[in-house]
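Order of the sequence lines sets the chain letters (A, B, ...), proteins ahead of strands, with each chain counted from 1.
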Amino acid sequence: MITLVLPDGATRIVPLGTPAHEVVLSIGKGLLKASIAVAVDGVVQDLSTPLRKDGKFVVITEKDPRALDVLRHSGAHILATAVRRLRPDAKIGFGPAIEDGFYYDFEVAHPFTPDDLAAFEAEMRKVAAEKYPFVREEVSQAAAKKRFADDPLKLERLQDFEGSDEIISTYTDGPFTDLCKGPHVPDTSYLKHFKLLHAAGAYWRGDEHRQMLQRIYATAFFKQEDLDAHLHRLEESKRRDHRVLGKALDLFMFHPFAPGAAFWTEQGTTLMNTINEFMRELQRDDYKEIMTPLLYNKALWEISGHWGVYKDNMFLVHDKETGENDFALKPMNCPSHHLLFASKKHSYRELPLRYTTFDVLHRNEISGALSGLTRVRQFRQDDCHVYLMESQIAEEVQRLTQFILGYYATFGLSATLKFATRPAERVGTDEMWDTAERGLKQALDATGLPYAMKEGDGAFYGPKIDFDVTDSIGRHWQLGTIQLDYSQPERFDLSYTGEDNHAHRPVLIHRAVSGSFERFIAILIEHFAGAFPVWLSPEQVRVLPIADDLAPHAAEVTAKLRAAGIRAHLDTRSETLNYRIREAETMKVPYMAVIGKREAEANTLAVRERGAGKKQEVIALDAFIARVTGEIRSRALPAPVTADAGVAS
RNA sequence: GCACGCAUAGCUCAGUCGGUAGAGCACCCCCUUGGUAAGGGGGAGGUCAUCGGUUCAAUCCCGAUUGCGUGCUCCA
């Protein structure tokens, strides 16, 4: 017998192996109808699975977030059922529920076309209508092997269980049986609101050396309105896509002659420079900004170790005197910073010494990885290397952490911290890692901030703190990083003179705040949907004289705005006011200053704010200048950044 | 890198079941001098990504190349 405790404290004592649905029925008939699955001590299982353990018994209905995973996993089986009916030759791989839906991998002779997807979706509706129950069976390894004799991928999976006491189960819905641990919804008719999204290649088990399968991505919900909302969200992110907005707002472009490297227009350059200047200002007092060469002899990369492991990702440059490709563009700044550091003697009094740089870096990413501004081959990092004594680590890490979080906050971005510890492949002794991890952890604890652990995810030379940023539509980006490194100071034989007049090895911290300016700008574009705060906007005020004869006055106004440090532009084209307002709105200029006869005479402006519609405010020129310069100085954020902020419908 | 898809005017896209192309916006000119999201008219603009093949004929079919897009261990 096993004992189940219901949420209200009541208990049910039932024979071992009783199917869950019997227990649910004993609670209520209506509940059984509404139930999708159950959880025993948090472990989700389906209604037909025999109960084997005592524990807290919770019935999962549509309202439980875990129900969606069950539905989606069943959706994957229904997808496979449909594919097998139409393409009996398809071999099946994995078909899990994922964050926003599910997928299923198939091995087929001919990849799927969009028409195939439409046919599969139609077939899935039939399978759902046929209301096949999901029947669970528990089988022996031998029986399973026999059953999946024609499915080599499943056989490979079965191999993993050889010798383990794992219960092997299969699920059958109508004509289709899959090796699966469940859980599933009771029958196929539960899948009502779903959509196949796209197909793409995916390596079997993510291994590029294995065969490529065809993966079909799909999503499913319990309610049509949830599905609609999800599809709407997808549309919304497409509209915010920095590649689309970058073109629409004329910020940057790419050219086939320079794949993976952005061209910045004057607007985009202004944006880039504004962000760069902000960082420069923050680092003015405690950092030493330096510039180092972009191109180095391989001798440097041999010392740093890049020539051995990273060479394929570097752009090599031919030297006409040696006739060899023995120069390379730098993929990171650290080695060059070390050369500068090592060029003279340093006292312990100088530490922590912080070198910061904005140099251009090149990494030869594989072509398939390139994507807009988020994965490029040429980029600039807000890079910093701190040379310090071991005793200074805690304070420095706290300082850098506050710096990074403060920087994000200026843009209305929040971040969570992740502490990544020693990876399997690493350099240095265990003792060194103990010291480094302890030091970093103490420093992190001292900040009082919550953080998640990422065991084994550190850099090969040291543990690190990663900053995971959430944008206005809830997407996550890994941006900043603080990495502790005992290895490079060793390789580059770095030293400082201590109080004891002896040479000591400094510890190194690598720090990046935005990862790269390119990627950060991509995130900002999507975060703000192109409607940047005033201080970031490439164009802050557009001056619009109503008629031609007001142009001279408008030009004076523009000059005054510019003299005050405001990025103002004058639009005197002989177009209607409506036309010019529309264009300024489309380009997401934060302020439109309209000048008619009345304003010219009173030296005022009829100010329209971006996105505020017809609402206008007549304000004295001086007052307007004070307001805008104030917003620029304080780097004010626009009214709460919401999911729809500034997105034209 | 690999699988699939896409590439037509500056942009967004139609189109040609093989007979060398069209719209809207943008651009230029003219009229309009306007009060808060498109005033009206006219014009210019394309070796249909590149190279090769098939064909009487290719932007369209086939192949290659380049670029871009989706994706490439959230496990049975």
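- The pair A/Asp151-A/Arg84 counts as a salt bridge, with a side-chain nitrogen and a carboxylate oxygen less than 4.0 angstrom apart.
- Spacing between B/U73 and B/C56 at atom P, rounded to whole Å, works out to 50 Å.
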Open item on the list: For a quick check, with a 4.0 angstrom heavy-atom cut-off, what is the B/S/- contact string for nucleotides 43-50 of chain B, read 5' to 3'?
Closed with: --------

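- A donor-acceptor distance shorter than 3.5 angstrom exists from the side chain of A/Arg610 to the backbone of A/Lys588, with no hydrogens or angles considered.
- Using atom P as the reference point in both B/A49 and B/C13, the two lie 15 Å apart (nearest Å).
- With both ends at atom P, the span from B/C48 to B/A7 equals 14 Å, rounded to whole Å.
- Residue-level contact check: A/Gly372 touches the backbone only, with heavy atoms under 4.0 Å from sugar-phosphate atoms and none from bases.
- Across all strands, A/Leu544 comes closer than 4.0 Å to no nucleic acid atom at all (heavy-atom distances).
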Protein and nucleotides 33-36 of chain B: nitrogen or oxygen contacts under 3.5 angstrom:
residue, atom, partner, partner atom, Å
B/U33, O2, A/Asp548, N, 2.9
B/U33, N3, A/Asp548, OD2, 2.5
B/U33, O4, A/Asp548, OD2, 2.5
B/G34, N7, A/Ile546, O, 2.2
B/G34, N7, A/Ala547, N, 3.3
B/G34, O6, A/Asp548, N, 3.2
B/G34, O6, A/Asp548, OD1, 3.1
B/G35, O6, A/Lys597, N, 3.1
B/G35, O6, A/Arg598, N, 3.4
B/G35, N1, A/Glu599, OE1, 2.7
B/G35, N1, A/Glu599, OE2, 3.3
B/G35, N2, A/Glu599, OE1, 3.1
B/G35, N2, A/Glu599, OE2, 2.5
B/U36, O3', A/Arg608, NH1, 3.1
B/U36, O2', A/Arg608, NH1, 2.6
B/U36, O4, A/Gln616, OE1, 2.6
B/U36, O4, A/Gln616, NE2, 3.4

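- Using a 4.5 Å cut-off on side-chain heavy atoms (C-beta onward), A/Leu213 and A/Leu153 make contact.
- In this structure, A/Leu191 and A/Ala220 approach most closely via the heavy-atom pair CD1-CB, 3.6 Å.
- A/His255 and A/Phe263 have tilted rings, their planes meeting at an angle from 30° to 60° on a 0 to 90° scale.
- Consecutive Watson-Crick or G-U pairs involving RNA chain B, each under 3.5 Å on both distances, make up stems of three or more pairs at B:1-7 with B:66-72, B:10-13 with B:22-25, B:27-31 with B:39-43, B:49-53 with B:61-65.
- With both ends at atom C1', the span from B/U16 to B/C60 equals 7 Å, rounded to whole Å.
- Listed by first then second residue, pairs satisfying ring-ring contact (aromatic ring centres under 6.0 Å, His included) with a partner in residues 583-604 of chain A read A/Tyr591-A/Phe624, not counting sequence neighbours.
- B/G22 sits 15 Å from B/G15 when the P atoms are compared, rounded to a whole Å.
- Stacking of A/Arg85 on the aromatic ring of A/Phe176 is not recorded, the 6.0 Å distance cut-off and the 45° axial limit not both being met.
- Rounding to whole angstrom units, CZ of residue A/Arg375 and P of B/U70 are separated by 13 Å.
- Note on A/Arg157 versus A/Glu162: no salt bridge recorded, every NZ/NE/NH1/NH2 to OD/OE distance being 4.0 Å or above.
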TODO: Encode nucleotides 71-76 of chain B as B, S and - characters from 5' to 3', where the letter depends on protein heavy atoms closer than 4.0 Å: B to the base, S only to sugar-phosphate, - to neither.
DONE: BBBBBB

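- Side-chain polar atoms of A/Glu107 and A/Trp204 form no donor-acceptor pair below 3.5 angstrom.
- B/G67 and B/C74 have their C1' atoms separated by 31 Å, with the value rounded to a whole Å.
- Across all their heavy atoms, A/Ala529 and A/Leu245 have their closest contact at C-CD1, 3.6 Å.
- Checked by atom type and distance alone, the side chain of A/Gln540 pairs as donor or acceptor with a backbone atom of A/Arg567 at under 3.5 Å.
- Nucleotides B/C62 and B/A76 are separated by 42 Å at their C1' atoms, to the nearest Å.
- Across the protein-nucleic acid pair, A/Met587 atom CE and B/C11 atom C1' stand 12 Å apart, rounded to whole Å.
- Near RNA chain B, meaning a heavy atom under 4.0 Å from it, residues 241-257 of chain A has A/Arg243, A/Lys247, A/Pro256 in order of number.
- B/C27 and B/A9 have their C1' atoms separated by 11 Å, with the value rounded to a whole Å.
- Between A/Tyr451 and A/Phe419, the two ring planes are perpendicular [angle over 60°; tilted spans 30° to 60°].
- You'll find the side chain of A/Leu370 stays beyond 4.5 Å of the side chain of A/Val376, heavy atoms only.
- Listed nucleotides: B/G39, B/A37, B/G69. Nearest to the side chain of A/Arg582: B/A37.
- Residues A/Arg377 and A/Pro259 meet the side-chain proximity criterion, which asks for heavy atoms closer than 4.5 Å.
- A donor-acceptor pair shorter than 3.5 Å can be found between the side chains of A/His242 and A/Glu526.
- For the pair A/Arg215 and A/Tyr103, the distance from NZ or CZ to the six-membered ring centre is under 6.0 Å and the angle to the ring normal is within 45 degrees.
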Task: Audit row: A/Arg210, A/Tyr203, side-chain hydrogen bond (donor to acceptor under 3.5 Å, both in side chains) steps and yes/no - done: CA-CA 6 Å; A/Arg210 304 296 303 269; A/Tyr203 293 106; over 6 Å; no

